[in-house]
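So you know, we letter chains A, B, ... as the sequences are listed, proteins then strands, and number each from 1.
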There are 2 protein chains.
Amino acid sequence: MRDVAALAGVSIKTVSRVVNGSPEVSAELRQRVSQASAQLEFHPNLAASSLRRRDGKTRQVALLIEDVANPFSATLHRAIEDVANTHDTLVFAGSLDEDPQRELELVRAAVQHRMDGIIIVPASSDHGYLHREMHTGTPVVFVDRPPRGLVADAVLSDNTGGAYRATAHLAAYGHRDIAFLGDDWSIRTVVERYEGYERALADQGLPRREEIVACDLSDAAAAARATQGLMRLPNPPTALFTSQNLVTMGAIETLQAMGLHHRVAVVGFDDFPAADLLDPRVTVVAQDVFGIGTLAIRRLFSRIAGDASPVWEERLETRLIVRGSGELPPSDGLIR
Amino acid sequence: MRDVAALAGVSIKTVSRVVNGSPEVSAELRQRVSQASAQLEFHPNLAASSLRRRDGKTRQVALLIEDVANPFSATLHRAIEDVANTHDTLVFAGSLDEDPQRELELVRAAVQHRMDGIIIVPASSDHGYLHREMHTGTPVVFVDRPPRGLVADAVLSDNTGGAYRATAHLAAYGHRDIAFLGDDWSIRTVVERYEGYERALADQGLPRREEIVACDLSDAAAAARATQGLMRLPNPPTALFTSQNLVTMGAIETLQAMGLHHRVAVVGFDDFPAADLLDPRVTVVAQDVFGIGTLAIRRLFSRIAGDASPVWEERLETRLIVRGSGELPPSDGLIR
DNA sequence: TTGAAAGCGCTACCAA
DNA sequence: TTGGTAGCGCTTTCAA
């Protein structure tokens with residue numbers, strides 16, 4: 001900037017004004033400065049600028065998600081990026097892998113880099129440690145899972161309602177033995193989805209069978225193994241409600257391997273790529289992932305801009321997408 | 001930091017030394033400073049630090065990809081994040097959507113934020129504009145597509161070889177009319193994959209039929225439409241080579257809709273989630289996406305550290321994964 | 001409309 | 001081992 005000022009024969013302050021589009025600079029100086037900037041390929045240092053500027057904004061936000069490579073997280077990321085663009089803001093995404101320790105590290109990094117805000121799908125179960133950050137100017141918005149031990153904005157799915165609908169849908173096709181396959185219990189969404197499942201069973205007057213509830217399935221392989229176990233029970237389930245997309249895929253893998261994919265009904269929570277290319281096509285309860293992301297980042301920017309309105313929690317509706325796998329009738333004789 | 005120094009009763013400089021783990025501080029002062037830091041919840045400002053520090057590193061890198069939500073980009077992102085972690089570096093990811101204008105904007109943002117380096121899957125076709133940046137201390141590594149109008153490090157797949165293998169594989173199963181379905185010609189990988197396809201046809205003594213080459217298919221829907229057109233030709237292809245995962249999915253969608261999925265062979269470039277859950281399971285030429293990302297970020301860090309060795313281009317092997325769709329024999333009577 | 005000086009939070013350099 | 005001082009690149013404040 002000094003160099004530009006020297007070349008244009010003006011003060012450093014005038015260059016600053018031109019760079020920031022101040023209206024109070026004469027056309028001639030503006031022209032001279034622009035030319036000098038171009039000639040020297042000058043790029044203002046945003047970090048230095050934010051250090052001194054009144055608002056102190058870095059125009060960077062942090063997005064802490066489960067895994068940037070998983071479709072749910074990646075879609076969320078994209079939705080957030082699109083809105084951040086319109087605010088000239090960069091998005092730094094970090095994968096937590098359900099590791100609370102990693103969450104702490106990344107939050108600390110975000111704070112040390114003075115990011116303007118944080119959007120988080122938390123891995124930890126107590127977020128009290130964020131209290132100080134939030135009250136010293138780093139707003140935090142929770143996504144997918146509510147904050148615990150802390151009052152903060154959150155954008156969630158109606159997990160219970162979605163799971164209820166999935167289970168009731170299977171029951172409506174005559175299923176009485178509907179298995180629940182879920183991820184780790186420590187994840188709030190899993191509990192909520194289980195509650196919806198349980199409530200639907202109760203409302204339909206169906207028995208709750210402990211042995212057809214499988215959890216702590218953290219990847220497709222675990223889900224595949226669990227499904228195998230379920231189908232080998234003396235009295236196997238005739239339908240599966242899988243509470244997450246990797247679990248759905250693992251379960252389907254096993255059903256195919258056992259030749260049962262046209263005989264055992266499946267409804268999955270979360271849509272996934274190619275779900276409508278499988279045979280049978282996979283009926284799912286889809287979350288509005290893009291909508292969730294959009295809402296969350298809007299809320300974050302609103303907080304960043306100083307909005308001090310009361311904390312706010314939004315639950316987005318899910319949508320049942322009927323494709324075939326969830327409409328198979330109960331099938332006898334699965335016992336081998 | 002000033003506050004911490006005051007509370008601990010030491011100079012600001014001593015606090016700095018403690019924060020940076022300088023060995024030359026007495027245990028007692030170190031202890032006092034640590035306690036004061038904790039009490040005030042002090043977080044050093046990394047931006048300010050980098051502004052003054054000798055190396056000037058911000059510990060941030062930019063990753064410019066097609067779309068953070070697409071599986072190829074997302075996997076790349078994850079590989080890069082993992083290595084960046086070990087360097088205490090955050091990754092800013094931005095989606096270019098194949099838009100050269102967007103590429104310019106994001107490169108500019110990366111430069112203005114003084115990111116330590118850039119990894120790019122370019123959307124533009126002339127990267128000369130990056131020359132200045134690269135020689136003023138922002139290393140750039142290209143991924144998936146080579147630089148043009150610029151000499152720079154690149155990590156690529158052996159696209160030609162992979163496409164050759166896919167096409168030859170189909171030919172080995174007796175196919176003579178193998179269609180090529182590709183994305184936009186302006187993308188270098190598409191051209192390279194077409195070259196492999198063409199070369200394989202030539203080597204097998206197969207005719208090249210212009211009418212069964214479809215390109216500029218930028219999404220699954222376009223691929224689906226193109227496939228429909230191909231299959232309605234008087235003399236339709238008996239096999240498809242789809243040069244990208246969205247194209248593969250679109251083509252399969254149409255084959256299923258036309259009831260041809262067990263009669264028309266398919267080999268796709270790029271593996272995709274659930275490819276092994278389809279019926280038939282999808283034979284693909286898989287890229288080592290994780291390996292590409294790892295190599296690229298390692299190279300970038302090496303350049304950031306000052307490595308001035310000659311520019312370097314790496315081509316990673318692809319892998320044919322035989323699953324079923326690529327081993328269907330030619331089928332007559334497709335004409336309707 | 002323009003510029004000089006101070007200072008954002010931190011580290012480099014040199015002195016004690 | 002510790003601290004003072006200057007200054008990174010920029011914006012603010014205030015004076016011209």
Does anything in residues 135-147 of chain A form a side-chain hydrogen bond (donor to acceptor under 3.5 Å, both in side chains)? List the pairs, not counting sequence neighbours. A:Glu98-A:Arg145

List the protein contact pattern of nucleotides 1-11 of chain D with one symbol per nucleotide (5' to 3'): B for base contact, S for sugar-phosphate-only contact, - for none; contact means a heavy-atom distance under 4.0 Å. SBBB-BBBBBB

Counterpart residues, side chain to side chain donor-acceptor pair (under 3.5 Å), relative to B:Arg53 (two or more places apart): B:Ser49, B:Asp55

Residue pair B:Asp307 / B:Arg299, side-chain heavy-atom distance below 4.5 Å: yes

According to side-chain hydrogen bond (donor to acceptor under 3.5 Å, both in side chains), does anything in residues 31-40 of chain B pair up with another residue at least two apart or in another chain? List the pairs. B:Glu28-B:Arg32

Could you check if a side-chain atom of A:His113 sits within less than 4.5 angstrom of a side-chain atom of A:Phe92, using non-hydrogen atoms only? no

So where does chain B start and stop touching DNA chain C, 5' to 3', when the test is distance under 4.0 Å to a non-hydrogen atom? C:dG9 to C:dC13

For residues B:Ile297 and B:Ile119, determine if any side-chain heavy atom of one lies less than 4.5 Å from a side-chain heavy atom of the other. yes

End-to-end bend of the helix from C:dT1-D:dA16 to C:dA16-D:dT1 (five-pair axes, 10° rounding)? 30°

Taking only residues two or more places apart in sequence or in another chain, which ones pass ring pair (Phe, Tyr, Trp, His ring centres under 6.0 Å) with B:Phe301? B:His87

Contact check, side chains of B:Glu66 and B:Ile187, non-hydrogen atoms, under 4.5 Å: no

Just distance, no hydrogens or angles: give the donor-acceptor pairs under 3.5 Å from side chains in residues 2-15 of chain B, sequence neighbours left out.
| from | atom 1 | to | atom 2 | distance (Å) |
| --- | --- | --- | --- | --- |
| B:Ser11 | OG | B:Lys13 | N | 3.2 |
| B:Ser11 | OG | B:Thr14 | N | 3.3 |
| B:Ser11 | OG | B:Thr14 | OG1 | 3.3 |

Excluding sequence neighbours, so at least two apart, what forms salt bridge (Lys or Arg N to Asp or Glu O under 4.0 Å) with A:Asp183? none

Under the salt bridge (Lys or Arg N to Asp or Glu O under 4.0 Å) test, residues paired with B:Glu314 that sit two or more places apart: none

Contacts of B:Arg114 meeting salt bridge (Lys or Arg N to Asp or Glu O under 4.0 Å) (sequence neighbours excluded), chain-then-number -> none

Near DNA chain C, which residues from residues 31-40 of chain A have a heavy atom under 4.0 Å away? none

